J.: 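Here you go, one structure.
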Amino acid sequence: MEEYLERFLTYIDSTHTGSKHTNDAYKRDIIEFINFLHCEGISNLNDVDRIVVMNYISELRNKKGIDGGMIKNSSIARKLSSLRSLYKYLNEYIGIQNNPFLYFKLPKQQRKIPEFLFYDEIDLFLSSFDLQKDAGIRDRALFELMYACGLRVSEVVNLKLQDIDFQDQIVRILGKGEKERIVPFYDIAKEMLVKYIRETRPKWMEKEKHDFVFINQRGKPLTSRGVQYRMQEACKNCDLHIHVHPHMFRHSFATHLLDNGADLRVVQELLGHSSLSTTQIYVHVTQERLKKAYEQAHPRAK
């Protein structure tokens, strides 16, 4: 079974069907299932039937999640999806006949409303950097661009100099599934990017040669974890007393565009969503805000 797992992961890597995080999740989910099979005395993936799968789902439902509560439907759905993909590979390339996960309906997932920052919170955050310091210039340019373009943290750390067109004020983004999209950015973002690239980046690049835009003081490309750390430190400095994560800037980007009248399909294209239904979750955000404001302000709603 472990050999089939390695072959499947190699296949996933070679076909570029997901990011490293996605592939790591596949590996964790499948190893967890294989460990379950070992405990059940099953040593062959071809011997797994619907009863075994039902027992496995039952065990998952009795497990504790990271927060100490019961495991969420979204986590169970992801695990079953990983195993369904494994068996699809085994059917096509290994010769295993059955796919016991094929006809199991994934648990219904409650859609989570994205967390976002209000515009005054974004403004407070972006105004907090000390532009007399190189690190402050870098961080302001970094977060200004993330908010300007709705970038995922993986997209901003992988951004190259040649991806930025300062003349037309657009960036070319290679997103999930190797999909390319073009996103404009506003004047302040351009000003901060130019300042960073001309004044700060060359100082840190003396011993390095690469085209990554955002780097640390040793000239190495910033990591996703590094961006998260810089964001948390900035929040402490500007007294923004909420838990923040880089994806909140992407959520804020979409929510603020829709709040100000942007067309849903335009926002879909800017975010790089393949399905409009994925973008529609941000409509629910604006609706929830309207309802809350209505309930607080209307005298008959109190």
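For clarity, every value in this text was computed on a predicted model and none was experimentally measured. Hydrogens, waters and symmetry mates play no part in the numbers below; they use all other heavy atoms, side chains included.
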J.: Which residues pass the ring-ring contact (aromatic ring centres under 6.0 Å, His included) test with H38, not counting sequence neighbours?
T.: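 Not a single residue meets the ring-ring contact (aromatic ring centres under 6.0 Å, His included) criterion with H38.
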J.: Are the side chain of R172 and the backbone N or O of Q162 linked by a donor-acceptor pair below 3.5 Å?
T.: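 No.
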J.: Report yes or no: do V156 and I170 belong to one cluster of Ile/Leu/Val/Met/Phe/Trp/Tyr joined by side chain heavy-atom distances under 4.5 Å?
T.: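 No; I170 is not reachable from V156 via cluster members.
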J.: For residues A135 and Q217, report the shortest heavy-atom separation together with the two atoms involved.
T.: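 Shortest heavy-atom separation between A135 and Q217 comes out as CB-NE2, 4.1 Å.
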J.: To check you understand the geometry: which heavy-atom pair defines the closest contact between Y56 and D29, and what is its length?
T.: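 Looks like OH-O, 4.1 Å.
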J.: What are the two closest non-hydrogen atoms of R201 and V213, and how far apart are they?
T.: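 Taking R201 first and V213 second, the nearest heavy atoms are NE-O, 3.3 Å.
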J.: Run the ring-ring contact (aromatic ring centres under 6.0 Å, His included) test against H210 and tell me which residues pass, sequence neighbours left out.
T.: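 H210 satisfies ring-ring contact (aromatic ring centres under 6.0 Å, His included) with F212 once adjacent residues are dropped.
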J.: Step through the shown structure and confirm whether more than 12 heavy atoms of other residues, nucleotides or ligands are within 6.0 Å of CD on Q132.
T.: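 Incorrect, the count does not exceed 12.
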J.: What do you reckon, is CD of E269 surrounded by more than 12 foreign heavy atoms closer than 6.0 Å?
T.: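 It does not: E269 CD has 12 such atoms or fewer within range.
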J.: So Y26 and L5, do their side chains get closer than 4.5 Å, heavy atoms only?
T.: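 A side-chain contact is absent here, since even the closest heavy-atom pair is not under 4.5 Å.
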J.: From E155 CD over to L174 CG, what is the distance, rounded to the nearest 0.5 angstrom?
T.: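 These two atoms lie 8.5 Å from each other.
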J.: Do F249 and I122 come within less than 4.5 Å of each other through their side chains, counting heavy atoms only?
T.: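 Yes - at least one pair of side-chain heavy atoms lies under 4.5 Å apart.
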J.: With heavy-atom distances below 4.5 Å as the criterion, would you say the side chains of I96 and Y4 are in contact?
T.: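 I96 reaches Y4 side chain to side chain.
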J.: Taking S252 for the side chain and L117 for the main chain, is one N or O donor matched with an acceptor at less than 3.5 Å?
T.: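 Side chain of S252 to backbone of L117, a donor-acceptor pair under 3.5 Å: yes, one is there.
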J.: Answer yes if I31 and I76 sit in the same cluster of Ile, Leu, Val, Met, Phe, Trp and Tyr residues linked by side chain heavy atoms under 4.5 Å apart, and no otherwise.
T.: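 Yes, same cluster.
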J.: Got more than 12 heavy atoms from elsewhere within 6.0 Å of OH, Y229?
T.: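 Not more than 12 within 6.0 Å, no.
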J.: Could you list the residues that satisfy ring-ring contact (aromatic ring centres under 6.0 Å, His included) with Y93, not counting sequence neighbours?
T.: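 So Y93 forms a ring-ring contact (aromatic ring centres under 6.0 Å, His included) with Y11, Y89.
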J.: Could you walk me through whether E32 and R28 pass the salt bridge (charged side-chain N to carboxylate O under 4.0 Å, His left out) test, one step at a time?
T.: CA-CA 6 Å; E32 183 179 19; R28 287 194 304 272; over 6 Å; no
J.: Report the relative orientation of the aromatic rings in H245 and H247; use parallel for angles under 30°, tilted for 30 to 60°, perpendicular for over 60°.
T.: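 Ring orientation, 0 to 90° scale: parallel.
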J.: With side chains defined as the heavy atoms from C-beta onward, is the minimum distance between F185 and I164 less than 4.5 Å?
T.: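 Yes, at least one pair of side-chain atoms sits under 4.5 Å.
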J.: If Ile, Leu, Val, Met, Phe, Trp and Tyr residues are connected whenever their side-chain heavy atoms lie under 4.5 Å apart, and connections chain through other members, are W204 and M192 in the same group?
T.: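 Result: yes, single cluster for both.
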J.: Side chains of E208 and I215: closer than 4.5 Å at any heavy-atom pair?
T.: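 Sidechains of I215 and E208: no contact.
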J.: Counting only heavy atoms not in Y119, do more than 12 fall under 6.0 Å of its OH?
T.: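 Result for OH/Y119: open.
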J.: Starting from the C-alpha separation in whole Å, work towards a yes-or-no answer on ring pair (Phe, Tyr, Trp, His ring centres under 6.0 Å) for F125 and Y147.
T.: CA-CA 11 Å; F125 179 91; Y147 175 61; over 10 Å; no
J.: Just wondering, are more than 12 heavy atoms of other shown residues or ligands nearer than 6.0 Å to CD in E92?
T.: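 Buried by this count: over 12 neighbours within 6.0 Å.
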J.: Under a 3.5 Å distance rule, please check whether S85 uses its side chain to pair with a backbone N or O of S81 as donor and acceptor.
T.: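 Yes, the answer is positive, given that a donor and an acceptor are paired below the 3.5 Å cut-off.
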J.: Taking all non-hydrogen atoms of both residues, which atom of Q228 and which atom of P246 are closest, and how far apart?
T.: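 Shortest heavy-atom contact: OE1-CD, 2.9 Å.
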J.: Would you call L270 and P184 a side-chain contact if the rule is heavy atoms closer than 4.5 Å?
T.: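 Yes, side chains in contact.
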J.: Of all heavy-atom pairs between N98 and Y87, which one has the smallest distance, and what is that distance?
T.: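 Nearest heavy atoms, N98 then Y87: O-CD2, 3.4 Å.
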J.: Write down the atom of D165, the atom of Q167, and the distance for their closest heavy-atom approach.
T.: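 Taking D165 first and Q167 second, the nearest heavy atoms are OD1-N, 3.0 Å.
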J.: Could you check L193, L131, L145 and say which one makes a side chain to side chain contact (heavy atoms under 4.5 Å, CB included) with R140?
T.: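 Between R140 and the candidates, side chain to side chain contact (heavy atoms under 4.5 Å, CB included) is satisfied uniquely by L131.
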J.: What is the ring orientation for F33 with F101, classed by angle as parallel under 30°, tilted 30 to 60°, or perpendicular over 60°?
T.: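 Taking F101 first and then F33, their aromatic rings stand perpendicular (interplane angle over 60°).
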J.: Report yes if some heavy atom in the side chain of E40 is under 4.5 Å from a heavy atom in the side chain of V52; otherwise report no.
T.: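 Not touching, per the 4.5 Å side-chain cut-off.
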